[in-house]
Amino acid sequence: MNDGPVSGTRYDHDRNALETLLGDELPDLKRYRIEQIWEWLYTTPRDPAEWTNLPVPVRERLAELLPSALHPATESISEGGQTVKFLSELDDGQPIETVLMLSARRVTVCVSSQAGCAMACGFCATGQAGFTRHLTTGEIVEQVIRAEMRAQQLQRRVSNVVFMGMGEPLANTDRVIEAIERLHGDLGLSARNLTVSTVGVVPGIRTLAAYRLPVNLAVSLHAANDDKRNELVPINRRYPIDDLLGACADYLSAKNRRISFEWAMIDGVNDTATDARELAGLARRLRPSAHVNLIPLNPTPGFATRGTPLDQVHRFRDQLEHLGVNATVRRNRGTDIDAACGQLAAGQPVRITGGRRHRDETAPDHR
Ligand code: SAH
């Protein structure tokens, strides 16, 4: 048996790569074992120590060959367990966060695509913290798998994945696309249940448009004229609204999937009747018109302005509807555990006790 180093973590390998790896490293392994391993990776995911239909020495070798990329540190639970935030540490010590949201119809995982973010949106906690590095494919996929393990304990299965955690997915497009391949092909999620959310990185939108799977595209717009958007979303200076809308139109014609515009409502900043008119104008430039998701700004340490009060949020929604644009007011889930949109920062160093497994889930860490 060759005990030399093998590159890649547990979810970096697709089926072919896994078969090659196991063929090289464990040449005596019977073929049906590969199917068993695959099921432990994707169908009923567990850590290798619990792969009970495999002999213990094989499990131990597999644990070395397929190391975990995520070292779970803490879980925070809110809304009676309907929202769970996972804080994990990567091999190099970087902390990242993942959020699991359960509702009657859906089980959604919100994944991080980078440690930190370089986009510097002032109202976003991740943006305030700055950029550290891209996540690997395995680091992205394993976030979903760990959430799936948790969902299965609750007799549920992950149905949707949104790339709305830490980082800008379309600044890490290649790895994000590989992760989507794995989630679609290996975990079995439908492309229409996968959503990539971007601040408006135009080349990334074009790459995604040329990619084969019709995933949903969400664009974090937040302002509908360049002056205001340059302030709120600095990448707008590189990819102004006209270019962004052009890329959205091309995405639409390539995929025929409705695009959504995300709009964090900031009191007195982007919640007036003029803002509604400008936003409706942009939404209607796309055919079919973009769907607008409104979410009152969540509080973050580095941004003084508060979210729009709920009655004004509803008025704004009504104005958009009146102008022919569908809009939904989104709940901000997980605010109490800093797990809501834009609150993922994971700034504190993580101390892991008790190895690489989940901590006792009866004692969630409420920060
Ligand atoms: N970088 C990507 C994905 C991560 S952010 C993007 O910008 O789309 C996920 C969503 O949360 C984005 O729509 C983002 O604008 C929004 N968001 C960021 N900070 C927020 C805050 N403080 N309150 C509400 N939404 C916020």
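Every number for a ligand or one of its atoms is a count from 1 in the order of the listing.
Closer than 4.0 angstrom to ligand 1 lie heavy atoms from F123, C124, F163, M164, G165, G167, E168, P169, S197, T198, V199, S220, H222, E262, A264, L297, N298, T300, C341, G342.
Every residue two or more places apart in sequence or in another chain was checked for a ring-ring contact (aromatic ring centres under 6.0 Å, His included) with H184, and none qualifies. For Q312, the side-chain hydrogen bond (donor to acceptor under 3.5 Å, both in side chains) partners are R315, not counting sequence neighbours.
At distances below 3.5 Å, not a single donor-acceptor pair connects side-chain atoms of D271 with backbone N or O atoms of T308. Side-chain N or O atoms of E142 include one that pairs as donor or acceptor with a backbone N or O of A69 at under 3.5 Å.
Checked by atom type, the side-chain pair Q152/T44 shows no donor-acceptor distance below 3.5 Å.
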List the atom pairs, donor and acceptor, that lie under 3.5 Å between side-chain atoms in residues 238-248 and the rest of the protein, sequence neighbours left out.
| unit_1 | atom_1 | unit_2 | atom_2 | d |
| --- | --- | --- | --- | --- |
| D242 | OD1 | R285 | NH2 | 2.8 |

